[in-house]
Novice: 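Sharing a structure, written as structure tokens. Questions coming.
The residues of the chain are indexed from 1 along the displayed sequence.
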Amino acid sequence: SCSLCAPESVFNPFLYPLFNPLPCEAFTSTPQELSMPTVLDKVLYTAHAHTTGGREGRSVSSDGVLDVRLTAPKELGGKGDATNPEQLFAAGYSACFMGAMKHVAGMKKLAIPADAAVDASVDLGPTPAGFGIAAKLVVSLPGMDRAAAQDLIDTAHKVCPYSNATRGNIVVDVSLA
């Protein structure tokens with residue numbers, strides 16, 4: 001077992017159940033495994049949101065912390081004066097990816113630069129079946145060795161819940177700035 005897989009290398013007891021370290025083989029997936037749905041071993045948290053009006057509406061989380069007005073962007077004929085689902089997806093994915101990087105860095109005993117950042121872009125466009133999205137994440141890890149940074153990003157992309165949810169479903173480009 002490597003240092004990544006050793007349970008004693010887990011740095012955050014809260015995240016341990018979420019990112020339970022698996023043998024190194026678990027971080028290499030076959031194409032067949034990548035097309036299989038991810039089944040949760042245990043539900044740790046469930047987010048709830050209630051949306052009315054669709055792209056010209058409002059979304060509110062069950063705890064009231066999130067309460068956003070929605071509108072279509074100007075590019076889609078909307079006013080563009082409120083957030084939209086693609087912006088919310090970009091914010092969620094980039095935050096989740098940062099959390100995955102912090103988790104992997106802790107397991108590998110790496111320091112993440114204080115000014116680390118993830119810039120996410122989410123594209124919306126037509127597909128033969130309707131509409132779809134594509135995502136791009138550009139990760140900035142200033143001062144970190146480039147090879148170590150790339151390894152961190154690659155491993156985080158394997159454990160990030162958003163990456164796992166989108167893998168095989170949409171095009172996701174993850175790159176180091």
Side-chain angles (χ1 to χ4, degrees), residues 15 18-19 22 26-40 43-49 51 54-59 61 65-66 68-107 110 112-113 115-142 144 146-177:
L15 291 178
L18 182 60
F19 297 106
L22 301 170
F27 290 109
T28 58
S29 302
T30 66
Q32 185 179 34
E33 291 169 328
L34 292 177
S35 66
M36 297 172 60
T38 301
V39 178
L40 301 178
V43 175
L44 300 174
Y45 171 75
T46 301
H48 298 276
T51 300
R55 286 187 174 274
E56 298 296 334
R58 181 174 171 216
S59 287
S61 61
V65 172
L66 176 73
V68 294
R69 193 169 59 84
L70 301 167
T71 190
K74 289 180 181 180
E75 295 85 349
L76 296 179
K79 292 181 182 177
D81 62 347
T83 195
N84 61 65
E86 292 72 34
Q87 289 174 334
L88 294 171
F89 191 89
Y93 199 166
S94 58
C96 190
F97 198 84
M98 181 66 79
M101 286 193 312
K102 287 181 177 182
H103 172 73
V104 170
M107 290 175 59
L110 296 172
I112 294 235
D115 53 351
V118 178
D119 290 315
S121 301
V122 174
D123 299 325
L124 173 69
T127 68
F131 291 91
I133 60 171
K136 181 176 183 177
L137 304 178
V138 179
V139 181
S140 175
L141 296 164
M144 192 169 183
R146 195 150 183 91
Q150 188 63 56
D151 181 61
L152 175 66
I153 290 168
D154 292 344
T155 306
H157 192 41
K158 292 176 183 174
V159 301
C160 174
Y162 272 67
S163 293
N164 288 330
T166 59
R167 187 172 290 111
N169 296 311
I170 68 169
V171 173
V172 176
D173 177 35
V174 181
S175 63
L176 179 59

Novice: So which heavy atom on Leu152 is nearest to which on Ala105, and how close?
Specialist: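 Looking at all heavy atoms of both residues, the shortest contact is CD1-N, 3.6 Å.
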Novice: Rounded to the nearest 0.5 Å, what separates atom NZ in Lys79 from atom CG in Leu76?
Specialist: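 The NZ atom of Lys79 sits 15.5 Å away from the CG atom of Leu76.
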Novice: Working note: Lys136 + Asp119, criterion side-chain contact (heavy atoms from CB on, under 4.5 Å); need CA distance, chi angles, decisive distance, verdict.
Specialist: CA-CA 8 Å; Lys136 181 176 183 177; Asp119 290 315; over 6 Å; no
Novice: Counting heavy atoms not belonging to Arg55, are there more than 12 under 6.0 Å from its CZ?
Specialist: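 It does: Arg55 CZ has more than 12 such atoms within range.
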Novice: Could you tell me whether Asp81 and Arg69 make a salt bridge, using a distance below 4.0 angstrom between a side-chain N and a carboxylate O?
Specialist: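 Result for this pair is yes, salt bridge flagged.
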Novice: Going by ring pair (Phe, Tyr, Trp, His ring centres under 6.0 Å), name the pairs with one or both residues in residues 146-177, residues two or more places apart or in two chains.
Specialist: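 For residues 146-177, and leaving out neighbouring residues, the ring pair (Phe, Tyr, Trp, His ring centres under 6.0 Å) pairs sorted by first residue read Phe89-Tyr162, Tyr93-Tyr162.
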Novice: CE of Met107 to NE2 of His103: how many Å apart, nearest 0.5 Å?
Specialist: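 Met107 atom CE to His103 atom NE2 measures 4.5 Å (nearest 0.5 Å).
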Novice: Is it true that a side-chain atom of Gln87 and a backbone atom of Asn84 form a donor plus acceptor pair closer than 3.5 Å?
Specialist: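 Here the side-chain-to-backbone pair exists.
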Novice: Treating Glu56 as the side-chain partner and Ala72 as the backbone partner, does any N or O pair qualify as donor plus acceptor under 3.5 Å?
Specialist: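 Yes; at least one donor-acceptor contact below 3.5 Å.
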Novice: Roughly how far, to the nearest 0.5 Å, is the CG atom of Leu70 from the CG atom of Leu88?
Specialist: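 Here the rounded value is 6.5 Å.
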Novice: Atom CD1 of Ile153 and atom CG of Leu137: how far apart are they, to the nearest 0.5 Å?
Specialist: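 Here the interatomic distance stands at 9.5 Å.
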Novice: What is the minimum heavy-atom distance between Ala116 and Leu141, and which atoms define it?
Specialist: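 Heavy-atom minimum between the residues: CB-CD2, 3.7 Å.
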Novice: Can you list everything that forms a salt bridge (Lys or Arg N to Asp or Glu O under 4.0 Å) with Asp123? Sequence neighbours excluded, please.
Specialist: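 For Asp123, no residue satisfies salt bridge (Lys or Arg N to Asp or Glu O under 4.0 Å) once neighbours in sequence are set aside.
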Novice: Any heavy-atom pair between the side chains of Val139 and Met101 that's under 4.5 Å?
Specialist: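 Side chain of Met101 against side chain of Val139, heavy atoms only: contact under 4.5 Å found.
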Novice: For a quick test of your reading: what N or O donor-acceptor pairs under 3.5 Å do the side chains of residues 169-177 make, sequence neighbours left out?
Specialist:
from: Asn169; atom 1: ND2; to: Ala165; atom 2: O; distance (Å): 2.8

Novice: For Ala82 and Thr71, work out which heavy atoms get closest and say how close.
Specialist: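 For Ala82 versus Thr71, the nearest heavy atoms are N-CG2, 3.2 Å.
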Novice: Between Ala120 and Ala90, what is the shortest heavy-atom contact and its length?
Specialist: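 Answer, listing the atom of Ala120 first, then Ala90: CB-O, 3.4 Å.
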Novice: What distance separates Thr127 OG1 from Leu124 CG, expressed to the nearest 0.5 Å?
Specialist: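 Separation between the atoms: 10.0 Å.
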Novice: Are Val138 and Val118 close enough, and set up right, to give a side-chain contact (heavy atoms from CB on, under 4.5 Å), and what steps lead you there?
Specialist: CA-CA 6 Å; Val138 179; Val118 178; over 6 Å; no
Novice: If you round to the nearest 0.5 Å, how far is CZ of Arg167 from SG of Cys160?
Specialist: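 That separation rounds to 8.5 Å.
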